[in-house]
Amino acid sequence: MLSRRTWLKTTCSGFGYLAFAALAHAQAARAGRPRANPLAPQATHFTPRARRVLFLCMEGGPSHVDTFDYKPRLAAADGTPAPRRRGGFGGRLLGSPFRFARHGRSGLWISELFPELSRHADKLCLLNGMHTDLPNHAQAFLQMHCGVYQFPRPSLGAWVLYGLGTTNDNLPGFVTVSPPQMHGGPANYGASFLPAVYQGTRVGGGSFGSGEQVSNLRNSRRTPGAQRVQLDYVQELNRATAESLGQNPEIEGLISSYELAFRMQREFPNVLNLREETAATLRLYGIEEQRGAGGGRGGFGPAAGGPGTFGRQCLLARRLLEAGVRFVEVTMGGWDHHRNLRESLTSSCRAIDKPIAGLLEDLQRRGLLADTLVLWGGEFGRSPSAQGDGRDHNHKGYTMWMAGGGVKGGLAHGRTDDHGFEAVEGKVHIHDWHATILHLLGLDHERLTYRYAGRDMRLTDVRGNVVRAILG
Amino acid sequence: VVARAGEGPVARFGPGGDPIAAAINDPRNTHRSIYLPIVRDRLPEVLSLFDGADPVLITADRPTTTVPSQSLFLLNNAFVMRAADRLLQSNGAEADRIREAFVRFYSRPPTAGEQAGAAAFLKAYRAQLTKDRVPAPRQERESWSAFCQALFASAEFQYRK
């Protein structure tokens, strides 16, 4: 019989070897990561179809059967018991109160809730067979962003920035506009075990207590001129330190970081300023339609009410993308329509319809849509069965869509069952969604890794299949 | 930063829309500790900027990054400026105050060159404030505050040799 002691003794040199192996590994890992500037543009694994990403994140779980997943049989069976004991609350089916029609040359079915967006049907790639692991907000929202629902991992935006770097050093590479405090909060745009430089920079929300749109971007006391004098002195001290230490990449890094920061605080406010946009552009995004309500004038805080706030956020997103930001996310809350579906869903859709249509139009006019990947969707969909006058959560089948960079437009990929409970064809799990996004950016989800806790970690962990059918 | 500014702990936090975020990011929060109670998904901003370990992860070895968001914190955050203000309280001749600051920040006196460099900075900063039409009584206070903040932001304060 081989004892554990003998085994360790004979196989290598016991625990000492294990410690040595770990150290040697750490050293090798360190040697293998000499990125002078961690945000410098990186080579992709293959030719990218998209160079930047905009994620329009609909927090709460928008209903698929009332928007992009046409279910005539659900409408026909309205009020009858749900089959196979599906759905709680009496399990009666609830046909969509909204009319559907075919749109564009492709004839995609889209409901009357999106009169403006449906004009762009031929740009949309509907993923009607989405599914995720859990029907609970916190877990599903985290999984949509980080791949797992148990604990935070680097967010999709952080992985993208890590994989691609950024083309504009004067701005953050990953910006998240008005992210929610709930459902994992900052974990959804965090870097987790990736270096902090890859975390999302938050615009709007203002919970840093200062009321600023972006934290630490402005100095409340020192004028720009005075700050330049001060920074020159800091750099003088730093250069003296660098000289006394000889070659030192850390001090060199610190010196260039200060110069970057100074440029960032000059450039970032310009990008945040929507005043230089024309009245026609503002109209395009539906901004003139609502003043004062929701988020305050000129603010990028959480959207509420009409399209004004979300329009401003979408316009800001375009400005950020145009300026070279790699990954932009805009969150719109309030999609958890358990009650009063008819009115509350109408109002949520109205708030995003014109802004998104305007955004797609604007991106195309500026030649940005071809290599910008636009993503839309929430953490899950909503049940085809009624919950009072609303719908409950539904994670086994729902819809997200993509547009732009490298995806086929005017395509409905996958489908749910007759009523919309479960994805049955062309199923796309959230891991597949992640793998496909990375693929479109020229990154192989199996090769984009970061060593943490002794393992080469991936966004898709050990899962994920690229959805090749939607690649344009 | 808290230690150099010679501040003791304060117990009260300011109000705000999000009491947790307001409390942990309050510039008047001068707690320092080896064991810091952390609300699981609310890492204080300063820790999240400076590679603080994510409280829900097992972290054996933290990455060390040097990035602009950290520089912006040191240049613009009220916490840093407040700490710099606290150091103004000593009086005396300019040369003595410069010397005292170097001893306090770097645990060593300034070289002759550094002494001259600091004096030159103070002069240049006052000149800029005059240009920016800052009233004279505030100039003195602002210049020393800017000087102390510069030392906080310097490499020698941030890195061990």
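Values in this document were obtained by computation on a predicted structure and should not be read as measured data. In what follows, every chain begins at residue 1, and chains take the letters A, B, ... in the order their sequences are listed.
Under the 4.5 Å side-chain criterion, counting only non-hydrogen atoms from C-beta, A:N216 is not in contact with B:L74. The shortest distance between side-chain heavy atoms of B:L72 and A:Q265 falls below 4.5 Å. Residues A:R222 and B:M81 form a side-chain contact, since some pair of their non-hydrogen atoms from C-beta on lies under 4.5 Å apart. Taking 4.5 Å as the limit, some side-chain heavy atom of A:Q227 sits within range of a side-chain heavy atom of B:L75. Side-chain contact between B:S154 and A:T241: absent, with no pair of heavy atoms (C-beta onward) separated by less than 4.5 Å. Between B:E156 and A:S244 the shortest side-chain heavy-atom distance does not fall below 4.5 Å.
With a 4.5 Å cut-off on non-hydrogen atoms, A:I255 does not touch chain B at all. If you measure heavy-atom distances from B:D132 to chain A, the contacts under 4.5 Å come from the side chain alone. Contact annotation for A:Q230: both backbone and side-chain heavy atoms come within less than 4.5 Å of a heavy atom of chain B. Proximity to chain A (any heavy atom under 4.5 Å) is shown, for B:S145, by both the backbone and the side chain. Looking at A:L254, both its backbone and its side chain come within 4.5 Å of chain B, counting heavy atoms on both sides.
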Check against side chain to side chain contact (heavy atoms under 4.5 Å, CB included), A:Y233 and B:Y125: CA-CA 10 Å; A:Y233 180 57; B:Y125 200 83; over 6 Å; no
Derivation and outcome, salt bridge (charged side-chain N to carboxylate O under 4.0 Å, His left out), residues B:D85 and A:R221: CA-CA 12 Å; B:D85 287 348; A:R221 272 167 54 179; 2.7 Å; yes
Assess whether side chain to side chain contact (heavy atoms under 4.5 Å, CB included) is satisfied between B:L151 and A:V234, documenting all intermediate values. CA-CA 7 Å; B:L151 295 187; A:V234 173; over 6 Å; no
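The candidate with the highest count of non-hydrogen atom pairs below 4.5 Å against chain A, out of B:Q70, B:Q149, B:E114, B:K131, is B:Q149. Between chain A and the options B:A118, B:A127, B:A120, B:A78, heavy-atom pairs under 4.5 Å are most frequent for B:A118. The candidate with the highest count of non-hydrogen atom pairs below 4.5 Å against chain B, out of A:G225, A:G253, A:P172, is A:G225. For the set A:A240, A:A242, A:A226, the entry with the most heavy-atom pairs within less than 4.5 Å of chain B is A:A226. The most heavy-atom pairs under 4.5 Å with chain B, out of A:E250, A:Q235, A:M264, come from A:E250.
Residues B:P68 and A:S257 come closest through the heavy atom pair N-OG, 3.4 Å.
Under the side-chain contact (heavy atoms from CB on, under 4.5 Å) rule, B:Y159 has a single partner from A:N238, A:L245, A:I251, which is A:I251.
Rounding to the nearest 0.5 Å gives a distance of 6.5 Å between CG of B:L49 and OG of A:S215.
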